[in-house]
Structures are given as C-alpha cells and as structure tokens.
J.: 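Handing you a structure now.
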Amino acid sequence: RLRKWQERIRTKDAGERNLQFALSEIDRMASALGVPRSVREVASVIYRRALNEDLIRGRSIEGVATSALYAACRQEGIPRSLDEVAEVSRVPQKEIGRTYRYISQELGLELKPVDPKQFVPRFASALDLSEEVQAKATEIIDVSAEQGLLSGKSPTGFAAAAIYAASLLCNEKKTQREVADVAQVTEVTIRNRYQEQIEAMGFR
Amino acid sequence: MSGPADSIEIQNVVASTGIGQELDLEALADDLPGADFNPDNFPGLVYRTQEPKAAALIFRSGKIVCTGAKSIDDVHEALGIIFDKLRDLSIPVDEEPEITVQNIVSSADLGHNLNLNALAIGLGLEDVEYEPEQFPGLVYRMDEPKVVILLFGSGKIVITGGKQTDDAETAVEEIVERIDALGLLG
DNA sequence: AGATTACTTTACAAAGC
DNA sequence: GCTTTAAAAAGTAATCT
C-alpha cells in the first residue's frame, strides 16, 4: 500500500512535470511567434483538454503542445501557417499537421478553414505596406474567392498573391521574392495565384 | 442520362490471398526474374506482372497482397499468373486460393466546380477534413457505404475504402444528393 | 520562365520491429 | 506507430534547362 501511494505521487509528479513542460513550451513558441498572451491561454486550455481526454497517448507532448498553439491561433483569428509554427517547434511540420487534425477532430474544435484575409495585416506590415494596400489585397481576396478561385488553394499563397497584386496597383511595389519570403511560399505559387486573381478582378 | 455515376473509373484494387504454403523468400528471389526482396527494408518480396499490370507482395507465410490492378478480373488474372509461376518452381499452391478484395480506389467527375469552403461547413465540420494548406482535397467520411471521398475544386473526386464493386456508385449518388441538397452543385 | 519529377492526402492487406 | 505496394485527384516545391 505504501508502494502504491508512492507510485501515485511519482505518477502525479511526472504528470505535473509534463504539464509544466508543455505549458512552458507553448509559452516559448508563442513568444517566438509573437502571439498575444490571450492566445497562449487558449492554447493552454486546448492542451489541458487534450490531456484530460487522454489524447496524448502515443503522441509526443511537444507535438500536442505545438498543435494546440496552432489551433489556438486559428481559433483566435490570427493564424500562423504550419511552416511558421514548425520553425519554432522541435516537431516536424508533418507531425504537427497530423496531430492538429487528430486533436481538432477528437475535441470537436470545428475550426473553419483558414481565411487568407487573416494573413494580410501581418504579412503587409512585415513588408511595410500601407493600409491602402491591405484594403486592396483584402478586396482582391474577397472578389476572387467569391468567383470560386480559393477552393483547394493554400491560404498563405492566396494571401501572398493578393498582397503582391495590391502592392502593384497601389504603386508600392514589392517583388515576388520579397512577398514570397514573408509568406513562406515560392515565387511560382505567387505568380500562378496572381494571374488568376488579376483576371478575376477584371484587369489584365 | 449520363450522370456522375457514369464517369466512375476503377483506378486500383487491393486484394489479399494465400497459397497455403510457407515460402523461402531468399530462394524465391533468386528463382523469380524481376523479384525485389530487401528483408532489411520490408519483409515482403515484390513481384510485378506486366499484363495485367499489378504488383504483388509475397510473404514468408505464403500470404500475398496484390495491388495496382485496374479491375477485380485483373486481380484474379495477375494472381493466377503468380500462382502458376510458383507451381513452375515446384511450389505447391492450393487449387483455388480464396482471394479477398480489401479496397477499391475509384475516380469520378461530378461535372461542376465545387466551393470546398462552403461544402466543409455544409456537410458538417465534424465529418469533414479540409486543410488546403496541407492538401487541396476535402476529405469526407461516409458511413453507408463506408468509404472515404476526396472532393476537389474541379468537381473531380476519389472514392476509396470500398470493398464492393458498387460501393463507388452508391457513394457517388449519395454525395451528389447531399451536395445538391445544400444547393452547392452548380 | 517552363518542364520534370516528386511529395502531400485517402484506404487496405501483409510480417516484424 | 513505421516500413512497402498501387492509383487517382490538384497544389506546392525543388531542380534543371
């Protein structure tokens, strides 16, 4: 009985240490990504829920913690791409995506697909673009999405192309390379999306 | 009436069987021209048939997995060729080993572009996986028939997980009905 | 700036780590 | 969980000319 008692304490301590580690990792990654404190708290709640539902069995703590943060960013409307999250995590992108899909399903998060518009303010400010360009990019996304061009396309690539197009239209030109770098997509993707969007806008 | 169901094409059939006899894969790898056997990588020996085109994974236990065939008839034909090759090597093979179809992969065309965003919400986020950052297709798990459907913006779809020949047709009729009910089918 | 090749997702069996 | 095999869908990416 004494053994059992000691084991319970040991297990409890180990669990407590794991939880502390996960929460500190969420904090570290959130800082590196520059996400607000409120999002870290949402991420912590998601992680604790995953822990209570026993979703961590067979998965790495770091993987679940990273996925919780990725999900929290989406839930709060300030998404980070999987690439960005993977950069500050020690878990490979593929595992983060897989774990996210799993906890999202099991916890019934029911997050809507990422809206490309939500990347515009962050990408545009990283490129020192004006409010005018942001508004134009947002308009381009709305118009081209309404014409069915968004289905199956990566939200970051879609946002990047719209920002590139808007920068040209507003005479604040950024090169495809510059936009590609902040959005973590290739110039080829920007070129392909840009052509479709310009046509949808009735330009060209 | 030509509808989406008429566009269904079987792309791949996965089946399993067994010859009821243990095998020495090292010896078989030497006797079967074109056989690939890397036990360090994978315990199965890989053997490909040209006509019909298929790939078989042959295991030490005598169990065999056949994949890559374009029809159930092709599966039987390809496995028949393999059974005969083994018999030619004086390996006793059951008269008519039972062949079980494990999975049929089909493609089809709904004939209209799809708004995957609206579809994800309309079909119910709880049954749908749509992460365009990771993959351009929307993943829909259907209970009856029990299949998984990948839907793309072009209206082209993939149906997989079915074991019956008509699972794909039933699934296509069902998904068309559900999409239409949402008013999301052109 | 193309073209090519390759990787992402789904399902499934097999034997073994 | 992973390993291997096959095939489709469409998007993205790396590499070469």
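Naming: A, B, ... by sequence-line order, numbering from 1 per chain. Please read all numbers here as calculations on a predicted model, not as lab measurements.
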J.: Above 12 or not: heavy atoms from other molecules or residues under 6.0 Å from CZ of B:R178?
T.: yes
J.: Show each protein N/O and nucleotides 15-17 of chain D N/O combination with a separation under 3.5 Å, one pair to a line.
T.:
none

J.: Return the set of residues passing side-chain contact (heavy atoms from CB on, under 4.5 Å) with A:E187 (not counting sequence neighbours), or none when no residue passes.
T.: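 Counting only residues at least two positions away or on another chain, A:E187 forms a side-chain contact (heavy atoms from CB on, under 4.5 Å) with A:Q176, A:R177, A:A180, A:R191.
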J.: Tell me, please, which residues at least two apart from A:E25 pass side chain to side chain donor-acceptor pair (under 3.5 Å).
T.: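 Side chain to side chain donor-acceptor pair (under 3.5 Å) check on A:E25 returns A:R28.
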J.: Map B:T160 and A:R98 onto DNA chain D by nearest heavy atom, then report which one ends up closer to the 5' terminus.
T.: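 Its nucleotide being nearer the 5' end, the pick is A:R98.
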J.: Would B:R87 and B:D84 count as a salt bridge (Lys or Arg N to Asp or Glu O under 4.0 Å) if you check the C-alpha gap in whole Å, the side-chain angles of each, and the deciding distance to 0.1 Å?
T.: CA-CA 5 Å; B:R87 291 185 183 110; B:D84 287 342; 3.1 Å; yes
J.: Students should find this one: the first and last nucleotides of DNA chain C, 5' to 3', lying under 4.0 Å from a heavy atom of chain B. What are they?
T.: C:dT8 to C:dG16
J.: Mind checking the P distance from C:dA1 to D:dA9? Whole angstroms is fine.
T.: 28 Å
J.: By the ring pair (Phe, Tyr, Trp, His ring centres under 6.0 Å) test, which pairs, at least two apart or in different chains, include something from residues 162-186 of chain B?
T.: none
J.: Out of curiosity, A:L33 CG to A:L69 CG, how far, rounded to the nearest 0.5 Å?
T.: 6.0 Å
J.: Does A:D54 have any salt bridge (Lys or Arg N to Asp or Glu O under 4.0 Å) partners at least two apart in sequence or in another chain, and if so, which?
T.: A:R57
J.: For D:dT3 versus C:dT8, give the span between their P atoms, rounded off to a whole number of Å.
T.: 10 Å
J.: Need to verify one output field. Residue with the more 5' nearest nucleotide on DNA chain C, A:Q176 or A:R101?
T.: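 Per heavy-atom nearest nucleotide, the more 5' residue is A:Q176.
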J.: Mind checking what makes salt bridge (Lys or Arg N to Asp or Glu O under 4.0 Å) contact with B:D6, not counting sequence neighbours?
T.: none
J.: Between B:V147, B:V148, B:L150, B:D127, which is the residue that forms a side-chain contact (heavy atoms from CB on, under 4.5 Å) with B:Y140?
T.: B:D127
J.: List for me each residue that meets salt bridge (Lys or Arg N to Asp or Glu O under 4.0 Å) alongside A:R98, sequence neighbours excluded, and say none if there are none.
T.: none
J.: Considering Watson-Crick and G-U wobble pairs with both distances under 3.5 Å, what does D:dA7 pair with?
T.: none
J.: Using purine N1 to pyrimidine N3 plus N6-O4 or O6-N4 for Watson-Crick, or N1-O2 and O6-N3 for G-U wobble, each under 3.5 Å, what pairs with D:dA14?
T.: C:dT4
J.: Restricting to side-chain contact (heavy atoms from CB on, under 4.5 Å), what partner residues turn up for B:D30, sequence neighbours left out?
T.: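 Residues passing side-chain contact (heavy atoms from CB on, under 4.5 Å) with B:D30: none at all.
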J.: Pull out every protein N or O sitting under 3.5 Å from an N or O of nucleotides 9-12 of chain D, one pair per line with the distance.
T.:
unit_1, atom_1, unit_2, atom_2, d
D:dA10, OP1, B:S154, OG, 2.3
D:dT12, OP1, A:S154, N, 2.9
D:dT12, OP2, A:R193, NE, 3.0
D:dT12, OP2, A:R193, NH2, 2.6

J.: Name all residues meeting the ring pair (Phe, Tyr, Trp, His ring centres under 6.0 Å) criterion together with A:F123; count only those two or more places apart in sequence or in a different chain, and write none if there are none.
T.: A:F119
J.: Name the pairing partner of C:dC12, where a pair is Watson-Crick or G-U wobble with both distances under 3.5 Å, or state none.
T.: none
J.: Look for any protein N or O under 3.5 Å of an N or O in nucleotides 3-5 of chain D and output each such pair with its distance, or none.
T.:
unit_1, atom_1, unit_2, atom_2, d
D:dT5, O3', B:R48, NH1, 3.3

J.: Could you walk me through whether A:R37 and A:E41 satisfy the salt bridge (Lys or Arg N to Asp or Glu O under 4.0 Å) test, starting with their C-alpha distance in whole Å, then the side-chain angles of each, then the deciding distance to 0.1 Å, before giving a yes or no?
T.: CA-CA 6 Å; A:R37 216 166 239 40; A:E41 271 149 36; 5.8 Å; no
J.: Classify B:S61 by what it touches in the nucleic acid, base, sugar-phosphate, or nothing, heavy-atom distance under 4.0 Å.
T.: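 Touches sugar-phosphate only.
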